[in-house]
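Read through the structure below, which is laid out as structure tokens, and then see the notes.
Keep in mind that the numbers below use all heavy atoms, side chains included, and drop hydrogens, waters and symmetry copies.
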Amino acid sequence: MREFLVEITTDVPAGTDPAEVERRRAAEAVRAGELAAAGHLVRLWRPVGELRSIGLWRAADETELHEKVLGTLPLHDWMTFAVTALNPHPNDPGSGDTAG
């Protein structure tokens, strides 16, 4: 599977019923857990003081990422995504194979 850095910004439309927002947020937490268990959601961060998230995601390719992973999020209709495909770096200390 390929890795992707994904920046997600969620913009709830004005006038949306707060109960609908809470229902979707609760469903979002469940779906995130499912995607993590399936190996698609690896890490997720929220920059301090910001209402966006940055995550490390995995999928076979960018089409699968959009259609079968990000597209299944309950908040998807309210989200914008900035996706960056990643390749391993030869000096990545987490790879266990760093140049030295």
Leu5 reachable from Val42 in the ILVMFWY side-chain graph, under 4.5 Å edges: yes
Pair Arg43-Trp57, side chain to side chain contact (heavy atoms under 4.5 Å, CB included): steps then yes or no: CA-CA 7 Å; Arg43 297 291 308 266; Trp57 297 76; over 6 Å; no
Worked verdict on Ile54 versus Leu44 for side chain to side chain contact (heavy atoms under 4.5 Å, CB included): CA-CA 6 Å; Ile54 300 169; Leu44 195 59; over 6 Å; no
From Arg52 atom CZ to Ile8 atom CD1, the distance as rounded to the nearest 0.5 Å: 11.0 Å
Side-chain touch Thr9/Met79, heavy atoms, less than 4.5 angstrom: no
Minimum side-chain heavy-atom gap Leu86-Arg2 below 4.5 Å: no
Non-hydrogen atoms of His40 and Val69 that approach each other most closely: ND1-CG2, 3.6 Å
CG-OG1 distance between Asp77 and Thr10, expressed to the nearest 0.5 angstrom: 11.0 Å
Any side-chain donor near an acceptor of the partner, Arg31 and Thr72, under 3.5 Å: yes
Glu64 side-chain N/O to Ala60 backbone N/O, donor-acceptor pair under 3.5 Å: yes
Check: His66 and Val6 side chains under 4.5 Å, non-hydrogen atoms: no
Salt bridge present between Glu20 and Arg23 (N-O < 4.0 angstrom): yes
